[in-house]
Each structure stands twice: as structure tokens, then as C-alpha cells.
There are 2 protein chains.
Amino acid sequence: MPKDNFSTERRATITDVAREAGTGKTSISRYLNGETGVLSTDLRERIEEAIAKLDYRPNQMARGLKRGRNRLIGMLLADLTNPYSVEVLQGVEAACHAFGYMPLICHAANEVDLERRYLQLLSTYRVEGVIVNALGVKEETLETLASGGVPVVLVDRSIDGLVTDMVGLDNTAAVAAAIRHLDEQGFDELVFVVQPFTHVSSRRVRETAFRDTIGALGVSGATVVLDLDDDKLAAEALAGIDTRIGENRQRNRRIALFAANAPVALRVALHMKERHGAAWQRHVALMCIDDSEWAELAGMTTVRQPTYTIGERAVEFLHERIEGAVMAPRECLLPGELVVRTSTLAGNI
Amino acid sequence: MPKDNFSTERRATITDVAREAGTGKTSISRYLNGETGVLSTDLRERIEEAIAKLDYRPNQMARGLKRGRNRLIGMLLADLTNPYSVEVLQGVEAACHAFGYMPLICHAANEVDLERRYLQLLSTYRVEGVIVNALGVKEETLETLASGGVPVVLVDRSIDGLVTDMVGLDNTAAVAAAIRHLDEQGFDELVFVVQPFTHVSSRRVRETAFRDTIGALGVSGATVVLDLDDDKLAAEALAGIDTRIGENRQRNRRIALFAANAPVALRVALHMKERHGAAWQRHVALMCIDDSEWAELAGMTTVRQPTYTIGERAVEFLHERIEGAVMAPRECLLPGELVVRTSTLAGNI
DNA sequence: CTGTTAGCGCATTCAG
DNA sequence: CTGAATGCGCTAACAG
């Protein structure tokens with residue numbers, strides 16, 4: 001407990017400190033801003049004492065008001081439930097610290113309305129920039145921010161009609177690598193399982209890459225859309241997968257399921273377990289993009305995204321823009337890493 | 001895009017709006033604060049027009065500076081990697097919205113230093129209250145906040161020497177229920193696996209409850225400390241568990257592992273898988289507190305915490321304090337729910 | 001019903 | 001080297 005902190009209610013202000021130190025506010029301000037060497041040793045000591053005694057902390061709000069910059073940046077996340085988001089977040093946080101920013105984290109919980117509300121809120125807090133990983137915000141919503149001089153960098157997905165910096169996985173390469181692996185392991189038929197993808201660029205790119213790659217490789221396969229938010233549709237999709245598996249079995253063809261991300265993979269896995277029991281992995285091969293914590297436990301092959309780096313890079317881009325860099329929008333596509341586990345190994349199925 | 005938003009750089013201020021609407025700032029302020037009915041229809045319309053035209057957004061910072069309250073509350077999380085945290089967070093967010101707060105989320109990534117830094121940062125941003133789920137912050141650190149008039153509510157764990165509102169799981173009851181279940185299923189020996197628990201109250205309580213309950217029930221058992229941050233120590237602990245399993249096997253006694261939380265359970269599960277192969281669950285029964293997403297996939301029995309409610313309740317408590325409620329510190333212990341899955345069923349092992 | 005005035009806590013000229 | 005004065009955007013008295 002700070003000595004005799006009698007001022008139990010109001011926090012000390014710069015004025016209090018100045019009075020306590022027997023000087024003017026300016027000197028305190030100078031001290032705070034590290035304009036050291038410009039202050040006599042004597043004065044500096046008095047200031048330090050006063051600050052300690054009063055347990056003074058400069059008010060960032062007031063500071064921001066004056067300077068016009070509050071070191072706040074917004075981070076809009078579509079879904080913290082997805083480990084991907086948390087991992088990216090860690091990179092963002094680390095980088096923020098390095099640059100002296102404070103991230104204002106907004107979790108939209110997959111609700112488009114919330115996304116819009118948060119974006120507005122962020123703008124009222126005058127964040128200096130925004131990192132967006134959103135589900136459905138429209139170009140216009142972000143555009144008003146951007147045209148207000150607030151830099152925006154997109155993570156994982158781009159947004160139609162909006163040209164800004166963006167950083168994410170090199171989906172095309174990742175999908176191709178995955179399929180090549182599956183092909184090498186001798187699977188005859190691939191099923192790509194993905195959430196409704198028309199409005200989410202990364203899903204769209206993955207799906208396209210899937211079709212392109214199997215086409216190029218001459219592997220047979222199809223896309224199945226799995227809507228995790230609609231039980232009825234989901235059930236149908238899963239049933240469809242079951243039939244497909246059955247057919248291929250009969251014809252003695254080896255089939256592999258390729259989930260577009262971890263949530264999809266989990267849903268599929270749960271279904272397969274329900275259908276085939278605890279040993280479901282002996283019946284069907286499953287792999288996915290995103291290396292979630294249970295992947296190792298399930299022995300599931302995945303493509304690991306460089307999530308941490310993605311977060312860092314996003315902040316770097318943002319920082320440059322905040323500092324006034326003016327250049328054409330950049331797109332940073334980082335490579336994924338194929339993590340082969342038993343689920344897709346030739347001998348296993 | 002807002003009409004002729006020429007002011008591409010500076011955001012419009014209340015003064016701009018006043019000028020545009022041909023009135024004074026006060027009226028604008030009144031309009032913003034919903035003091036409607038106090039404004040003539042004509043004036044109100046002009047204000048609305050001006051606001052729309054200028055795409056004006058009140059500056060929360062300035063607002064907070066004046067009012068002395070910025071509607072910001074801090075949320076300090078020890079570890080977002082733990083699904084528990086994310087779930088609590090969702091409750092917090094929902095409640096914040098209901099009350100009109102904006103949560104400033106700080107993720108300490110299990111680093112005590114970061115926790116302290118964040119707490120300081122929060123105080124410089126003049127948050128109106130703080131919700132803390134921390135690993136190692138000391139009583140003093142929080143005390144300076146609390147004595148500065150900033151309400152604090154603790155989540156999941158209490159802190160020695162600090163008396164504040166706290167909300168979490170009823171650990172004692174949860175552990176007892178779990179052990180009763182294990183006992184009913186005929187396990188002869190229980191091993192409680194927990195991270196170093198001396199400094200984390202919830203772990204301590206769980207461990208005590210474990211010993212008390214097996215004592216009362218006359219079940220044999222022991223506690224094993226598993227330090228997830230120290231590979232060497234962890235390996236030893238896991239080896240210890242292995243021996244224990246071996247011994248009990250020889251004597252034909254049925255043994256069950258009870259992990260104190262999800263991260264511990266995952267670590268144990270991975271080890272068992274490595275040791276006994278994919279069918280490890282046929283060799284050893286494992287259950288834990290925290291119902292993570294992979295628990296269902298692994299068919300693992302758990303105690304599900306009312307995470308969402310915990311988050312909500314925390315905000316409610318905080319809100320009351322912020323509104324000035326003065327009363328003795330409260331402790332809100334919510335009941336867990338035993339989720340029985342195959343991992344601990346009598347016939348399974 | 002409406003506008004004027006005076007700060008909130010701080011950083012920044014500009015004079016000593 | 002130091003301090004007094006000014007204003008950031010906004011709200012809250014206080015007058016009209």
C-alpha cells in the first residue's frame with residue numbers, strides 16, 4: 001500500500017503533483033515524456049518523490065485528447081471460440097506491446113450486428129487503427145473508418161470492394177500441399193468440407209484451390225457445404241458425406257475428408273464418432289486446416305497456420321500506416337505448414 | 001460513403017456540428033445525451049442533418065474526461081488459451097453490452113509481469129472497474145487500484161489478503177460430485193492431477209476438497225502435481241502416474257485420473273496416448289474439471305462450469321460497485337454440472 | 001427552450 | 001533550465 005494514500009477517492013492529477021513538488025505542471029509533463037536532461041537533478045528528484053507519494057498515473061485519456069493520439073488500436077475478432085483467433089491475438093498483443101499500443105479487443109461472437117456496433121464504438125474511442133477479422137462487415141462500414149483517416153488491416157479474409165493491407169495464410173498453397181499429401185497417400189476420393197463460403201474470402205479461396213488442385217492432379221473429389229449454425233442443414237450435409245463414404249467403400253475406393261478449418265473438423269469428427277464409435281478414425285481419414293489443441297490428441301493431420309506471425313505482421317502493417325506511410329495496399333500471404341499425423345497415413349485406413 | 005465527406009482527415013467535432021447546424025455546442029450535447037423533448041423539433045432536425053452530413057461521432061475520450069467516467073472496464077485474463085477464459089469472457093461481454101460498458105480485455109499470457117503491467121495500464125486508462133482472473137498478481141497491486149476507488153471483482157480465484165467480490169465455481173461441491181461418481185463407478189484408487197497449487201486459490205481448494213472427500217468416502221488416492229511450464233518436472237510427474245497405474249494394475253485395482261482442469265487433462269491424455277496408443281482410454285480412466293471442446297470427442301467425463309454465468313455475474317457485481325453500492329464483499333460460488341461420458345463408466349475400463 | 005462560460009487533465013507554444 | 005498560458009472535445013452549471 002502506498003504510504004499515506006489519504007486521497008482515497010480522486011486520483012492525483014498533474015496539478016497535484018506540481019503543487020506537491022513545488023513547481024509547475026510543465027515540468028511534470030516534461031518529466032513524464034522523458035525529456036530528461038532538461039531538468040535539474042534537484043527538480044527531478046522532487047518530482048519523482050511527489051509522483052511516488054501521490055501514486056500518480058498520467059491520465060491517458062487527457063493525454064490522448066491533447067496529442068490527438070491515444071495509442072489505442074482496435075482488434076475486431078469474429079470468433080474467439082476459434083483457436084485460430086486466439087493465436088492471432090497473441091501475436092497482435094506481443095507486437096502491440098513492442099510498439100507501445102494498447103489493443104482494444106472486440107469479440108463479435110459471429111454476429112454481424114455486433115461487428116458493426118463494435119466498429120462504431122471503436123471509432124468513438126478514436127482508435128488510431130483497426131485490425132479486422134470479421135464475418136460480415138461490409139465494405140461501406142470499413143470505408144467510413146478508412147476515409148476518416150483510420151488505417152485498417154484485414155486478417156485472414158479480405159472484403160469485397162475494400163482495398164487495404166491484408167495478411168493471412170497462403171490458402172492456395174496450403175490447400176495444394178494438403179491435397180498433394182492426400183494424393184501421395186493414395187486416397188482416391190477427396191471431400192472438401194467447408195462452411196458457407198460465398199461471403200468469406202478465405203473459405204472461397206480454399207474451395208477454389210481445392211477444385212483447381214484436384215483438377216490438376218486428376219484426383220476425384222467434391223465440395224460439401226456444412227453450415228455449423230443450422231442443425232438441419234448440417235445434418236443433411238453430414239448424411240451426404242456418409243453416403244459418399246459408403247459408396248466409395250463399396251467400390252473399394254479410399255476416401256479422405258478435408259475440413260476447411262478446425263470448427264468444421266470438430267463437427268465432422270463428432271459425427272463420425274457418433275456413427276462409427278470411438279475407433280472412427282479407422283473408418284475415415286480426416287484432416288483440416290488449423291492445428292487445434294485436440295489435433296495432436298486425435299492424431300489428425302493438419303495444416304498449421306503461422307498465426308502468431310500473422311498477428312505480428314498485422315500490427316506492423318498497421319503501425320506503418322499510423323506513422324503515415326503511404327503506399328499501395330499490401331497483401332501478405334504467409335505459408336502454412338503441413339503437420340502429418342496418423343489420420344491420413346496410408347497404412348492407417 | 002457519407003456524402004461529400006471532404007474533411008477526409010480530421011474527424012468532425014461538436015463545434016463543427018454546432019456551426020453546421022447554426023447553433024451552440026450545448027444543444028448538440030443535449031441531443032447526444034438524449035435530452036430530447038427539451039429541443040424544438042426544428043432544431044433537432046437541423047442537428048440530425050448536421051450530424052449525418054459530417055458523419056459526426058462524439059469523442060468518448062473527451063466525454064470521459066469531463067464526466068469522470070468513460071464506461072471502460074478492465075478485464076484481466078491469465079490465459080486466453082484456456083477455453084474457460086474465453087467462455088467467461090463471452091458472459092462478460094454480453095453483460096457489458098447490457099450495462100453499456102466497453103470491456104478492455106487484457107491477456108496476460110500466464111506472465112506475472114504482464115499482469116502487473118496491464119493492471120497499471122488499465123489504471124492509466126481510468127477504467128471504472130476491473131474484473132480479474134489472474135495468475136500471480138499480488139494483493140498490493142490490486143490494493144492500490146481498489147484504494148484508488150476502482151472496484152475489483154475476482155473470477156475463479158481469490159487473492160490472499162484481498163477482500164473483494166469474487167465469483168467462481170463451487171469447487172468443493174464440484175470435486176465432491178466428481179469423486180462420488182468415480183466411487184460409484186467402482187474405482188479403487190484416484191489420482192488427482194493438478195498444477196502447482198499453492199498460489200492459486202481455486203487449485204488449492206480443489207486439492208483440499210479432493211483429499212477431504214476421498215477421506216470421508218474412504219477411497220484411496222493421492223495428489224500429483226503437474227507443472228505444465230516445466231518439461232522436466234512434468235515428465236517426472238507423468239512417470240509417477242505411470243508407475244501408480246502399473247502398481248494398481250498388478251494388484252487388480254481400478255484406478256482413475258482426475259485432472260484439475262482442461263490443460264492438465266490434455267497433457268495427461270497426450271501422454272497416455274503416447275504410451276498406450278490410440279486406444280489409451282481403454283487402459284486408463286480420465287476425467288476433469290472444465291468441459292472443453294475435445295472432451296466430447298474423447299468421450300471424457302467432466303464437470304462443466306457455468307462459465308457464461310460467471311462472467312455475467314462478475315459484471316453485475318462490478319456494476320453495482322461502480323454505481324456506488326457499499327456492502328461487505330460477496331462471494332458467489334456457482335454449481336458445476338457433472339457431465340458423464342464413457343471415459344469413467346464402469347464397463348469401459 | 002437555448003446559448004455562454006468554465007473547466008476535466010494534459011502537452012505545447014512562448015516567454016522568462 | 002523553468003513556468004504561465006492556451007486549447008484538445010466535451011459537459012455542466014448558469015443565465016437568458
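The chains referred to below are lettered A, B, ... by the order of the sequence lines, with proteins before strands, and numbering in each begins at 1. These numbers come from a predicted model, not from an experiment.
Judged by distance alone, with hydrogens and angles left aside, the side-chain atoms of A:Ser85 form a donor-acceptor pair with the main-chain N or O of A:Asp79 at under 3.5 Å. Under a 3.5 Å cut-off, the side chain of A:Ser29 and the backbone N or O of A:Lys25 do not form any donor-acceptor pair. In terms of modelled atom types and a separation under 3.5 Å, the side chain of A:Glu115 and the main chain of A:Leu135 share a donor-acceptor contact. B:Arg63 contributes no side-chain N or O that, together with a main-chain N or O of B:Pro58, makes up a donor-acceptor pair within less than 3.5 Å. Put simply, the side chain of A:Arg46 gets close to the backbone of A:Ala21: a donor and an acceptor are under 3.5 Å apart. When atom types are taken as modelled, the side chain of B:Arg157 and the backbone of B:Ala134 share a donor-acceptor pair closer than 3.5 angstrom.
Contact of the A:Phe99 side chain with the A:Arg71 side chain is not registered, since no non-hydrogen atoms from C-beta on lie closer than 4.5 Å.
When the C1' atoms of four end pairs are superposed on the next four at each end of the helix from C:dC1-D:dG16 to C:dG16-D:dC1, using five pairs per end, the two resulting axes differ in direction by 40°, to 10°.
Closest contact between the side chain of B:Ser40 and the listed nucleotides C:dA11, C:dT2, D:dT2 involves C:dT2. Nearest to the side chain of B:Ser29, among C:dT13, D:dT11, C:dG3, sits D:dT11.
For B:Arg57 against D:dG9, no side-chain N or O and base N or O form a donor-acceptor pair under 3.5 Å. Scanning atom types as modelled, one donor and one acceptor separated by under 3.5 angstrom connect the side chain of A:Arg30 and the base of D:dG3.
When rounded to the nearest whole Å, the span between CZ of B:Arg126 and P of D:dC10 equals 20 Å. Atom C1' of nucleotide C:dT2 and atom CZ of B:Arg46 are separated by 11 Å, given to the nearest angstrom. Across the protein-nucleic acid pair, A:Asn59 atom CG and C:dA11 atom C1' stand 13 Å apart, rounded to whole Å. In this structure, A:Arg63 places its CZ atom 10 Å from P of C:dT12, rounding to the nearest Å. Between B:Asp16 atom CG and D:dC8 atom P the separation is 11 Å, expressed in whole Å. Here D:dC1 presents its P atom at 14 Å from CD1 of A:Ile47, a figure rounded to the nearest Å. Between the CG atom of B:Leu32 and the C1' atom of D:dC10 there is a distance of 9 Å, rounded to whole Å. One can place CD1 of B:Ile14 at 12 Å from P of C:dG3, the figure rounded to the nearest angstrom.
As judged by a 4.0 angstrom heavy-atom cut-off over every strand, A:Ile28 is placed among residues making no nucleic acid contact. When heavy atoms are screened at a 4.0 angstrom cut-off, A:Tyr56 is found touching the sugar-phosphate backbone but no base atom.
Note that OG1 of B:Thr81 and CG of A:Leu89 are 9.5 Å apart. Values are rounded to the nearest 0.5 Å.
Between B:His319 and B:Tyr101, the ring planes are perpendicular. Angles over 60° get that label, and only those under 30° would be called parallel.
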N/O to N/O distances under 3.5 Å, protein versus nucleotides 5-8 of chain C:
unit_1: C:dG7; atom_1: N2; unit_2: B:Lys66; atom_2: NZ; d: 3.1
unit_1: C:dG7; atom_1: N3; unit_2: B:Lys66; atom_2: NZ; d: 3.4
unit_1: C:dC8; atom_1: O2; unit_2: B:Lys66; atom_2: N; d: 3.4

